[in-house]
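Each chain gets a letter, A, B and so on, in the order its sequence line appears, and its residues count up from 1.
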Protein chains: 2
Amino acid sequence: MEKLPLHIRKMNDPFFEFNKTIIDATHDLVIAYKPNTAFYEALGTIGLHQLKLTCDYIKHTYPEVLIILDAKRADIGNTNQGYVTFAFDLLDADMITLHPYLGKEAMLPFLQRKDKGSIFLCKTSNTGSNEFQSLEVGNRPLYQHIAQEISEKWNENKNCLLVVGATYPNELKKVRELVGDMPILVPGIGAQGGDLQNTLDAGLTINHNGLIISSSREIIYAGNDSNFAEESRKKTEMLWTEMNTSSIPLH
Amino acid sequence: MEKLPLHIRKMNDPFFEFNKTIIDATHDLVIAYKPNTAFYEALGTIGLHQLKLTCDYIKHTYPEVLIILDAKRADIGNTNQGYVTFAFDLLDADMITLHPYLGKEAMLPFLQRKDKGSIFLCKTSNTGSNEFQSLEVGNRPLYQHIAQEISEKWNENKNCLLVVGATYPNELKKVRELVGDMPILVPGIGAQGGDLQNTLDAGLTINHNGLIISSSREIIYAGNDSNFAEESRKKTEMLWTEMNTSSIPLH
């Protein structure tokens, strides 16, 4: 709440109003919005209500823009059905982020939704992600093994994606080599310090696509007074321009 | 909803009323209740409201009984703070289940809550859990490496626990050897087919404790008419008696 502009805090659904204003100001520049469930759930039913208002608003007003529910869920199969309903039916998200640790058999309720995307954590953007993700399995790090298994065995419906943090461009390059043209969600540009050109060099497919690059805090907290959304648009335009004028890597 | 007794379905908060009736009938026989967030979130704000009513009811009416929020969360550090607030402050749960994949550094917001328990997935009860959890790392399976790392490096506040499914007693025995007297949450007794005596043989500490054994569907769906809670109590009593008359393993 303390990060919202003062005039927004006084509104009935301040988090929704904040989102709506930024969405209205940026929708023509983005492929997707990626709300993170943690921040809404911390507010209880009030937060969940505003998350649903936000998803409904995107779906009804800008149906060409995708919703990625950044929820990082995963349970056993029977239970995952609850999260499938939450993400794909209740909120009508197009994709959800997921942990791979329980294996394909547990994740079938997500994978069998051919109309929706399952985005599995592979190499996360945090500084301590090496602890388990880079353990050597066979002759390579665990995250590479997971990337290849998902690419070769989980992706029958062509609805799998991976997460690789922009803070690890070398690892992104390795994952791209393993998964062909599978789309990769890349958080960590902006506040977390990831570099855009390095990300493009490492992660684009041979057809120069295949990346969903996410910037969050740098954009939504670009300003904090009455014209905060204009500041957000400026930051988004800067990133958009940078993306579209970057040198294309040679493969 | 279709699994609830008919007379409960007509009430204002049917999931809470169902929980409350079973809690009233079983509270003297259990150490904890373990609601799973997936089933509540599938219902949106209505579900989250009834999850909160349930947690509030336990805390106020039976403060000696613990609440394990079976949420299987884990995000990067900044975001985990949202889930900490959700689980530990909003719902006042005593413990939460978590994925280990992002590493200790990301999980510090949970680990630093000395008053609360962090229960990390180690070897899950599902049939496909071997896919990644049993990959060989060094000379042993990944789940054993994770168990030992958490035991030796994450547990400074003595607030870590692990999940090992009752469906894997051999793996439970290995984990117990690695983690000393760390408590282990063991789901999978009952509907999932785990055997109680095998679990006790494999998982008890040398002092004959250290296990939280969870039975869910077998108890809550024991009956489905007006005296469903009596049936739930009978099933709970059976399991309690079985636990307390089982032969104690010799170490």
Given the options A/L135, A/L142, A/I146, B/L135 meets side chain to side chain contact (heavy atoms under 4.5 Å, CB included) only with A/L142
Closest non-hydrogen atom pair, A/H49 against B/T45: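 Heavy atoms of A/H49 and B/T45 come nearest at N-CG2, 3.6 Å.
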- prompt: Where is the tightest heavy-atom contact between A/I76 and B/S125, given as atom of each residue plus distance?
  reply: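 So the minimum-distance heavy-atom pair works out to CG2-OG, 4.2 Å.
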Which atoms of [X] approach chain A - backbone, side chain, both or neither, heavy atom under 4.5 Å:
| X | result |
| --- | --- |
| B/D75 | both |
| B/L90 | side chain |
| B/P187 | neither |
| B/N78 | both |
| B/T127 | both |
| B/Q81 | neither |

Applying a strict 4.5 Å limit to non-hydrogen atoms, the region of A/T79 in contact with chain B is both
Main-chain N/O of [Y] paired with [X] side-chain donor or acceptor, under 3.5 Å:
| X | Y | value |
| --- | --- | --- |
| B/E105 | A/N126 | no |
| B/E41 | A/G82 | no |
| B/E131 | A/G103 | no |

Walk me through whether A/Y101 and B/Y143 qualify under side-chain contact (heavy atoms from CB on, under 4.5 Å). CA-CA 10 Å; A/Y101 191 63; B/Y143 77 87; 3.9 Å; yes
Residues passing the side chain to side chain donor-acceptor pair (under 3.5 Å) test with B/Q148, sequence neighbours excluded, are B/R140, B/E152
Can you tell me if [X] has over 12 outside heavy atoms packed within less than 6.0 Å of its [atom1]?
| X | atom1 | value |
| --- | --- | --- |
| B/K174 | NZ | no |
| A/K116 | NZ | yes |
| B/D115 | CG | yes |
| B/K34 | NZ | yes |

Counting heavy-atom pairs under 4.5 Å with chain A, the top scorer among B/R73, B/K153, B/K52 is B/R73
Is there a side-chain contact between [X] and [Y] (heavy atoms, below 4.5 Å)?
| X | Y | value |
| --- | --- | --- |
| B/F39 | A/T85 | no |
| B/H99 | A/K72 | no |
| A/T37 | B/Y83 | yes |
| B/L102 | A/S129 | no |

Over 60° means perpendicular and under 30° means parallel, so tell me whether A/W154 and B/F132 are parallel, tilted or perpendicular.
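Judged by the thresholds at 30° and 60°, the geometry between A/W154 and B/F132 is parallel.
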Which of the residues [options] is involved in the greatest number of heavy-atom pairs with chain B at under 4.5 angstrom?
| options | answer |
| --- | --- |
| A/A74, A/A38, A/G128 | A/A38 |
| A/G47, A/A106, A/P100 | A/P100 |
| A/Q133, A/E149, A/R217 | A/Q133 |

